[in-house]
Amino acid sequence: MNPDRLYALLPAVHRRLDERNGGQLRALLSVIAEQAGVVEADIERMYDDWFIETCDEWVVPYLGALIGYALPPGAAALAGGTEGGDRLLASAVPRREVADTVANRRRKGTLALLEDLAADVAGWPARAVEHRRLLALTQPVRRFTADDHGTARRLRRGGLADLRRTEPLNRADGPFDELAHTAEMPRACGTRRAGRYNIPGLGLHVWRLQAHSQTRAPAFCLDRAAYRFTFSVLGNDTQLFTLPVPEPSPCHIAGELNVPAPIGRRSLTERLHDYYGPGKSICVWEGDQDGPPMALERIVSADLSGWDYRTPEGKVAVDPVLGRIAFPARQAPEQGVRVTYHHGAASDLGGGEYPRPYVVVPEGEIPPYRVGPGETFARITDAIEQWRADHERWRGASGRKHDAQGGKHGAPDRQQQDAGPHQGRFRIAQRTAPPPDPGPRPSDVIEVSGNDVHQDVLDLSLHRGDRLVLRAADGARPVLRLLDWSSGRPDALRITGTGTGEGPPPSVTLDGLMVTGRSIQVHGDVGELLVRHCTLVPGWDLDERCGPRDPEEPSLELVDTPADVRVEHSVLGTVVVRRNEPADELQRIHLSDSALDATARTSAALTGPEDRPAPAVLTAHRTTVIGTVHVHSVDLVENCLFDGDVNVVHGASGCVRFCWLPPGSRTPRRFHCEPEHSGTAAATPLCFTSTRYGTPGYLQLADRCPDAIRRGADDGSEPGALHDLFQPQREDNLRTRLAEYAPAGCDPALLFAT
C-alpha cells in the first residue's frame, strides 16, 4: 500500500483539482496509506503468531494452553513486552518444549524423555537413573549369565565392592554409580529427609555448570626447568571438564561423555582416546601451535599433587583434577606448551571465548587494527602507535579542509566584488578552490585475535575527540599480563586524558580481555570508560589454590578524573577512587551483571584512599559484591548481593531494592531487602558454592541457601551476577514436567550434579 497507488484510483478530474489546490488530497492519502501499512503489518504479524516457531514470546503460553500445556507455578503472572520480561518468559515457558508437547506425550514414561525435557525446559544436560536397579539383593543360586568367553558366572547385582576396580568407588553416590546400595525408607523427594535408593526412586541428575573452552592457549610454566606446567595461564589449579558429545539417538541414555562433567584421573586412564585429541576435551601441543598435537601414546594420566610423580621417558603426565602437566626432567619443551581444555563456569561472565555482542562503533571505511598471530601487528603497542599516527594525519587533513571551506582564506573578498563584475567573479572563484579530501576516518577499533599472552607496556594518552575500542576477536580471550618493568613507578595500564584537542572528552572501551599482574589506572580528562566481558583478576594474580597473591591491591584506580565508569558482564577486584583536589561533580560508577570481588568479605571492594568513602555515586544492577562498600551516595541499587558491609554516607537520596545486605549496613531507604524482610538474620544466611575466582561454581549460590535469597529478585529469580540464568524458573518448570512425564508409580527427584 503506497500513496501513488491510492491516488491513481481517483478519477482524473479530482486529481486535476487537487493539483490546482496544492495537493491536499494527495497528502491525506499519504497518511491513510501509512496507517494502512501499519494495519497490514499487524495482520502479517498475527499470521506469524499462529505458529509456535514464529510467534512472539508472549504468545507461547497461549498456544500451550490450546494443547493442555501445564504452566509452572508463577508463570501465569509473568508479562512480556520488555527485554528482561521476554527473557524471563522464555525461561519459564520455553518455546521448544511447547512445540514438542504432543510428541513428548507419546514418549511419556521413558528415561530418555526425561533427559530431553531437562535440555528443552531448563537447558541443562541430564542423566535419568532408576535407583531400584542399584539396590543390593540376594540372587538365586541358579541364575547365571555368560561372559564374553562363554564362561558361566553369577550376575553382578549387589554384593561387595571390587577393590581392584577403583573407578566405580570414585563414582559412588553420583549419577554414574555402579555399586549396590541398601534400601532407604525415606522418599526421594522428601521434604525433611530425602532417601535416594528405594524401589520407586527415580533421580534426574542435572549439570548446571557449563564447559567453557580455551583453545590453543599458552600453558603456564611454573619453574625454570620448564617441565612443570598448568593448563590455566594464571598458574592456578583448574579442574578440567568434559566437552559434551551429542547423543547418537533420542533413546540413548546420557553417559560421561554426553554431559559437562569433571574429568577424573581413572576416567582419563580408561578412556583416554575419548577425552584427548583435536576437537575433544583435552589436547596438548609442544612448541608451535600450528604443528601436530602430541601423540596419544605419549599421554598418561597421573596424580601430580605435590609434583612427586616422576614422568617416564618419552611420556607426558596430565592431571585432569588439578589441571597440571609434567614432562620428564630432561625432556622439557624449549618453545613452550599450548593446550586446549575446558573448565567449569556458572555463566558467561568475564573474559572468555563465548560469543558476545560487539559494541556499536561508528567505524570508518578502514578496517580495525588487528593484533595477533598472522595479523598486521604482533604487539598491541604497535597497533596503538599506528592508530595514533593515522588519527593525527586525518585530523590535520580535516583541519585544512575546514580552513579551506570556512576559514579566513575561504571567504570571498567583498571589496574586489564591488570593484567590477568580472574581477569580482574571478576573485571568488580563486578563493573557493576545492579543498583537499581527508578521506574516511580511521577505525577506532584495535582487535586482538588468538589466546596469546601480551606483555606490552601500555600507556594510553588520549586527546579530546578520541574514542578507542580495545577488544578481543570473536572466539578469543587474549591476556594482558602487566609485569613489573620499572622500580620507580607502578606498572599499571595507564589511561590518561591530556585535555588537548577539540571535541568531547575521550572514551575508552575494553571488551573481552583478561588483565592480570597489575591494575588499570585512569587519569585526567577522560569522558567514559566501558569495561565489558572482561576479567580484571582480583588480587592481581592467583596462587595454586586460586587464592589472591595481592589481596589488598586494587584492580581499577580512578585518579582525578571525571570519567563515567561502566562495567558490564565482567569480573574485577577492588575499585579505588582518588581525588587530590575537590571536584564539583562526583564520580559515577555503573555496575551491571558483574562481580566486584575484593577476595574477602572484610576487604574493601569500593572505597577511597585510606579507607575514606569513595567520592562517587554508585548505580548497580544484578551484581554480586564480595567485600565492603564505602561510598558517598547511591542512585539505584537493585537485585544485588552484598557479602560485606555497605556504608553510604549520604543516605537522603537513592534507593536499594530487592538486595541482600549484611545486618548493620547503612544505606538509603530499602524496599524488600533481605534479611530484614524475612524478620531474622539467622533465617537467611548468604552462602556460595565458591567465592574464589578460578574455581568451578564461582559466585553460584549454594543449594542450602534459603529461597528468600535464591528467589529474592524483583522477578522471582536470584539476585546477583547470575540473575539472568533464571535458575529458579528453570527448576520450577523442570520439576513440573518431571512430575507429569515420570513413569507411573515412580517417586521422581531432581538432583544437582554441579
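For the numbers below, each heavy atom of this structure counts, side chains included, while hydrogens, waters and symmetry mates do not. Sequential numbering from 1 along the given sequence is applied to the chain's residues. All values derive from a computational prediction rather than experimental measurement.
Arg208 meets the side-chain hydrogen bond (donor to acceptor under 3.5 Å, both in side chains) test with Asp703; sequence neighbours excluded. Scored by the side-chain hydrogen bond (donor to acceptor under 3.5 Å, both in side chains) test, Asp274 finds Arg271 as partners (sequence neighbours excluded). For Pro333, the side-chain contact (heavy atoms from CB on, under 4.5 Å) partners at least two apart in sequence or on another chain are Phe229, Glu286, Phe327, Val337. Applying the side-chain contact (heavy atoms from CB on, under 4.5 Å) rule to Asp645 yields the partners Thr628, Pro662; only residues at least two apart in sequence or on another chain are considered. Residues passing the side-chain hydrogen bond (donor to acceptor under 3.5 Å, both in side chains) test with Asp237, sequence neighbours excluded: Arg324, Arg545. Residues meeting the ring pair (Phe, Tyr, Trp, His ring centres under 6.0 Å) test with Tyr275, sequence neighbours left out: none. For the ring pair (Phe, Tyr, Trp, His ring centres under 6.0 Å) test, no residue two or more places apart in sequence or in another chain qualifies with His342. Among residues two or more places apart in sequence or in another chain, the side-chain contact (heavy atoms from CB on, under 4.5 Å) test is passed with Ala254 by Glu115, Arg127, Glu247, Asn258, Val259. Looking at residues two or more places apart in sequence or on another chain, you find no ring pair (Phe, Tyr, Trp, His ring centres under 6.0 Å) involving Phe220. Among residues two or more places apart in sequence or in another chain, the ring pair (Phe, Tyr, Trp, His ring centres under 6.0 Å) test is passed with Phe241 by none. Evaluation of the side-chain hydrogen bond (donor to acceptor under 3.5 Å, both in side chains) rule for Arg692 yields no partner, not counting sequence neighbours. Under the side-chain contact (heavy atoms from CB on, under 4.5 Å) criterion, Thr269 pairs with Ser301, sequence neighbours left out.
Taking a cutoff of 4.0 Å between a charged side-chain nitrogen and a carboxylate oxygen, Arg532 and Asp593 do not qualify as a salt bridge. A salt bridge links Asp511 to Arg356: at least one charged side-chain nitrogen sits closer than 4.0 Å to a carboxylate oxygen. For the pair Arg657 and Glu638, the salt-bridge criterion is met [side-chain N within less than 4.0 Å of a carboxylate O]. Taking a cutoff of 4.0 Å between a charged side-chain nitrogen and a carboxylate oxygen, Arg171 and Glu256 qualify as a salt bridge. Using a 4.0 Å cut-off between a side-chain N of Lys or Arg and a carboxylate O of Asp or Glu, Arg710 and Asp707 qualify as a salt bridge. Between Asp714 and Arg622 there is no salt bridge, since none of the side-chain N atoms of the basic residue sits less than 4.0 Å from a carboxylate O of the acidic one.
Within 6.0 Å of the CZ atom in Arg711, the count of heavy atoms belonging to other residues, nucleotides or ligands exceeds 12.
The side-chain heavy atoms of Leu641 and Phe688, taken from C-beta on, include a pair separated by under 4.5 Å.
Note that CD1 of Ile589 and OG1 of Thr619 are 9.5 Å apart. Values are rounded to the nearest 0.5 Å. With values rounded to the nearest 0.5 angstrom, Arg471 atom CZ is found 12.5 Å from Leu530 atom CG.
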